[in-house]
Amino acid sequence: QVQLVESGGGSVQAGGSLRLSCAASGRTFSSSAMGWFRQAPGKEREFVAAISRSGSSTYYADSVKGRFTISRDNAKNTVYLQMSGLKPEDTAVYYCALSTLYLSSVISSGYDYWGQGTQVTVSS
C-alpha cells in the first residue's frame, strides 16, 4: 500500500513563496506519475500540476503557470511544488497524488493514491 505525506504548508503574505514536499512510501514511486491538486472551502478539488514518471514532462493549470514549478527526486521518493508570487486565491488545502495507472494525468480520476493534504494560506 502506498502512503503519501505532504509537508511545507503554512501562512505567507501575498507575493511570497512556499515549497511543498510529498514523500511517498513503497517501491512504486519511480514508475508512477505524480500530481498536485488543491481544494478551497466550498469549492471542488482542482488540478494544479503534474509530472511524468521520469520528470521530463510537466503540466500546469493556467492559473499557476509561470508561478509554480513541480519537480521530483526519484532517489528520495519525493515530489515538490515550488510556489512563488503567491496570491490570496491560492489559499487552499494542497494534496499530493500518485498514479500507477497512467503515464500522466491532469484529472483526479487518473490518480489512485492521495495524501491527506497540507494547508496553504496567503494573506494580503
Side-chain angles (χ1 to χ4, degrees):
Q1 185 174 348
V2 175
Q3 180 179 348
L4 304 176
V5 180
E6 302 96 336
S7 62
S11 298
V12 65
Q13 293 289 112
S17 300
L18 285 173
R19 188 181 74 166
L20 306 183
S21 298
C22 174
S25 66
R27 298 183 178 183
T28 62
F29 182 83
S30 63
S31 61
S32 302
M34 300 293 296
W36 287 96
F37 291 75
R38 66 187 183 186
Q39 186 168 25
K43 296 184 178 180
E44 296 182 354
R45 185 172 299 185
E46 65 176 349
F47 169 76
V48 176
I51 189 166
S52 63
R53 296 176 178 182
S54 66
S56 61
S57 299
T58 58
Y59 308 88
Y60 298 94
D62 289 342
S63 59
V64 306
K65 285 182 179 178
R67 300 189 298 119
F68 291 9
T69 301
I70 187 172
S71 62
R72 68 189 298 163
D73 186 338
N74 287 347
K76 297 181 179 179
N77 280 12
T78 301
V79 63
Y80 306 93
L81 185 68
Q82 177 65 51
M83 305 184 294
S84 300
L86 284 164
K87 305 174 181 179
E89 53 262 44
D90 295 319
T91 295
V93 176
Y94 283 70
Y95 297 90
C96 174
L98 180 151
S99 176
T100 64
L101 307 173
Y102 304 99
L103 298 178
S104 62
S105 180
V106 298
I107 57 176
S108 60
S109 61
Y111 296 86
D112 46 348
Y113 294 95
W114 294 82
Q116 294 184 342
T118 185
Q119 177 71 48
V120 172
T121 302
V122 184
S123 62
S124 59

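In this text the structure is predicted, and so the values were computed from the model without any measurement. Because only heavy atoms are used, hydrogens play no part in the values below, and waters and symmetry mates are left out as well, while side chains stay in.
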- Query: Under a 4.5 Å side-chain heavy-atom rule over Ile, Leu, Val, Met, Phe, Trp and Tyr, are Y94 and L4 clustered together?
  - Reply: yes
- Query: Can you tell me if R53 uses its side chain to pair, donor with acceptor, with the backbone of S31 under 3.5 Å?
  - Reply: yes
Applying ring pair (Phe, Tyr, Trp, His ring centres under 6.0 Å) to Y80 and not counting sequence neighbours gives none
Sub-4.5 Å side-chain heavy-atom contact between Y111 and L101:
no
Residues A23 and T78: closest non-hydrogen pair is CA-OG1, 4.2 Å
The reported gap from CG in L98 to SG in C22 (rounded to nearest 0.5 angstrom) is 8.0 Å
Joint hydrophobic cluster, W36 plus F47, side-chain heavy atoms closer than 4.5 Å:
no
CG (N77) and CD (Q3) are apart, to the nearest 0.5 Å, by 12.5 Å
### Common cluster, V12/F68, ILVMFWY with side-chain heavy-atom separation under 4.5 Å
yes
The complete set of salt bridge (Lys or Arg N to Asp or Glu O under 4.0 Å) pairs with one or both residues in residues 71-88, sequence neighbours excluded, reads none
So the side chain to side chain donor-acceptor pair (under 3.5 Å) pairs with at least one residue in residues 95-104 (sequence neighbours excluded) are T100-D112
Are Y60 and L18 connected in a single hydrophobic cluster, I mean Ile/Leu/Val/Met/Phe/Trp/Tyr linked by side-chain heavy atoms less than 4.5 Å apart?
yes
For S52, is there any backbone N or O sitting under 3.5 Å from a side-chain donor or acceptor partner on Y59?
no
Of all heavy-atom pairs linking A50 and S105, the shortest is CB-O, 3.4 Å
Quick note, salt bridge (Lys or Arg N to Asp or Glu O under 4.0 Å) partners involving residues 88-111, not counting sequence neighbours, are R38-D90, R67-D90
* Check: E6 side chain, G117 main-chain N or O, donor-acceptor pair, under 3.5 Å -> yes
Residues V122 and T91: closest non-hydrogen pair is N-OG1, 2.9 Å
Take atom CD of Q39 as the centre, draw a 6.0 Å sphere, and report whether it contains more than 12 heavy atoms from other residues, nucleotides or ligands. yes
C96 and V79 have their tightest heavy-atom pair at SG-CG1, 3.7 Å
When rounded to the nearest 0.5 Å, the distance separating CG of L86 from OG of S124 is 13.0 Å
Contacts of S108 meeting side-chain contact (heavy atoms from CB on, under 4.5 Å) (sequence neighbours excluded), chain-then-number -> F37, W114
Taken in chain and number order and not counting sequence neighbours, the residues that satisfy side chain to side chain donor-acceptor pair (under 3.5 Å) with S25 are none
